[in-house]
Colleague: 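Following this message is one structure expressed as structure tokens.
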Amino acid sequence: MKKEIRLYNVMFPIWFFWLLPTPLWLVILLVNFAIDSLVLYLSARTGGLQERLQLWKKSIWKIWIIGFLCDIIGAAFIYGLWEMLIRIFHVSWALGLFPATTILSLPGVALAGVLIYFLNKRFSFRKCGLDPAAVHRLSLALAVFTAPYAMLIPLYG
């Protein structure tokens, strides 16, 4: 008889840590800041913007805060979908397993990405003196590359 090995927490999504106070917050915050900075720098560089350091100084904090806010809104939306399916429609299948989790998470990831785009476009580059095409390009790059894709990872293996 073979002993069954279960790896329930191996794929625990990083976005779930906002529910629990943990020292990992510091690591998550720093990594998120680094990713936002990298995406901003690379998208500004490919867009031909010369004053990348000034752009970074004027906008990175807004970008970073907007990203976290949008991730939390996306996660809350997913949680609301789960609650609706369980309480209102009495869905009995396991919501933490692969196809269900991924399918239910897609609207939350999409919502967070759309919010990242529009909020960054509206607030992050307001005082940077960029033309609308550059603001659009930067906001779109941030939305695509910093959307919370970790929400697509199932809670259970």
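What you are looking at is a predicted structure, and each value in this text was computed from that prediction instead of being measured.
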Colleague: Sequence neighbours left out, what passes side-chain contact (heavy atoms from CB on, under 4.5 Å) with Leu42? Give chain and number order.
Modeller: Leu38
Colleague: Give me the atom names and distance for the closest heavy-atom approach of Leu40 to Ser43.
Modeller: O-OG, 3.2 Å
Colleague: Would a hydrophobic clustering, with Ile, Leu, Val, Met, Phe, Trp and Tyr connected at side-chain separations under 4.5 Å, put Met84 with Ile103?
Modeller: no
Colleague: Any chance you could measure Ser124, atom OG, to Trp64, atom CH2, to the nearest 0.5 Å?
Modeller: 13.5 Å
Colleague: With heavy-atom distances below 4.5 Å as the criterion, would you say the side chains of Ile78 and Pro107 are in contact?
Modeller: no
Colleague: What I'd like to find out is whether the side chain of His136 reaches to under 4.5 Å of the side chain of Tyr117, using heavy atoms alone.
Modeller: yes
Colleague: Measure the shortest side-chain to side-chain distance between Trp56 and Trp61 over non-hydrogen atoms and say whether it is less than 4.5 angstrom.
Modeller: no
Colleague: Drop me the distance from Ile28's CD1 to Asp71's CG, to the nearest 0.5 angstrom.
Modeller: 11.0 Å
Colleague: Among all residues two or more places apart in sequence or in another chain, which pass the ring pair (Phe, Tyr, Trp, His ring centres under 6.0 Å) test with Phe145?
Modeller: none
Colleague: Considering only residues two or more places apart or on different chains, which pairs with a residue in residues 137-147 satisfy side-chain hydrogen bond (donor to acceptor under 3.5 Å, both in side chains)?
Modeller: none
Colleague: Please find the pair of heavy atoms, one from Ile60 and one from Ser37, that lie closest to each other, and give the distance.
Modeller: CD1-OG, 3.5 Å
Colleague: I need the minimum non-hydrogen distance between Met151 and Val109, along with the two atoms involved.
Modeller: CB-CG2, 3.8 Å
Colleague: Which heavy atom of Cys70 sits nearest to which heavy atom of Ala112, and what is that distance?
Modeller: O-CB, 3.4 Å
Colleague: Let me confirm one number: the CD-SG distance from Gln54 to Cys128, rounded to the nearest 0.5 Å.
Modeller: 9.5 Å
Colleague: How would you list, by chain and number, every residue that makes a side-chain contact (heavy atoms from CB on, under 4.5 Å) with Ala44, sequence neighbours excluded?
Modeller: Leu49, Arg52, Leu55, Leu138
Colleague: According to side-chain contact (heavy atoms from CB on, under 4.5 Å), who are the partners of Ile73, at least two apart in sequence or on a separate chain?
Modeller: Leu69, Leu111, Leu115
Colleague: Would a distance-only check, ignoring hydrogens and angles, find a side-chain to backbone donor-acceptor pair under 3.5 Å from Ser105 to Thr102?
Modeller: no
Colleague: Do you reckon Tyr41 sits in the same ILVMFWY cluster as Val135, going by side-chain contacts under 4.5 Å, direct or chained?
Modeller: no
Colleague: Enter the distance from Phe123:CZ to Phe118:CZ here, rounded to the nearest 0.5 Å.
Modeller: 12.5 Å
Colleague: To the nearest 0.5 angstrom, please state how far the CZ atom of Phe77 sits from the CG atom of Leu104.
Modeller: 10.0 Å
Colleague: Is there a side-chain contact between Phe68 and Leu29 (heavy atoms, below 4.5 Å)?
Modeller: yes
Colleague: Rounded at 0.5 Å granularity, tell me how far NZ in Lys121 sits from CG in Leu142.
Modeller: 13.0 Å
Colleague: Leu106, Tyr149: one ILVMFWY side-chain cluster at the under-4.5 Å cut-off?
Modeller: yes
Colleague: Would Val39 end up clustered with Val114 when hydrophobic side chains under 4.5 Å apart are linked, directly or stepwise?
Modeller: yes
Colleague: Which residues pass the side-chain contact (heavy atoms from CB on, under 4.5 Å) test with Arg122, not counting sequence neighbours?
Modeller: Arg126
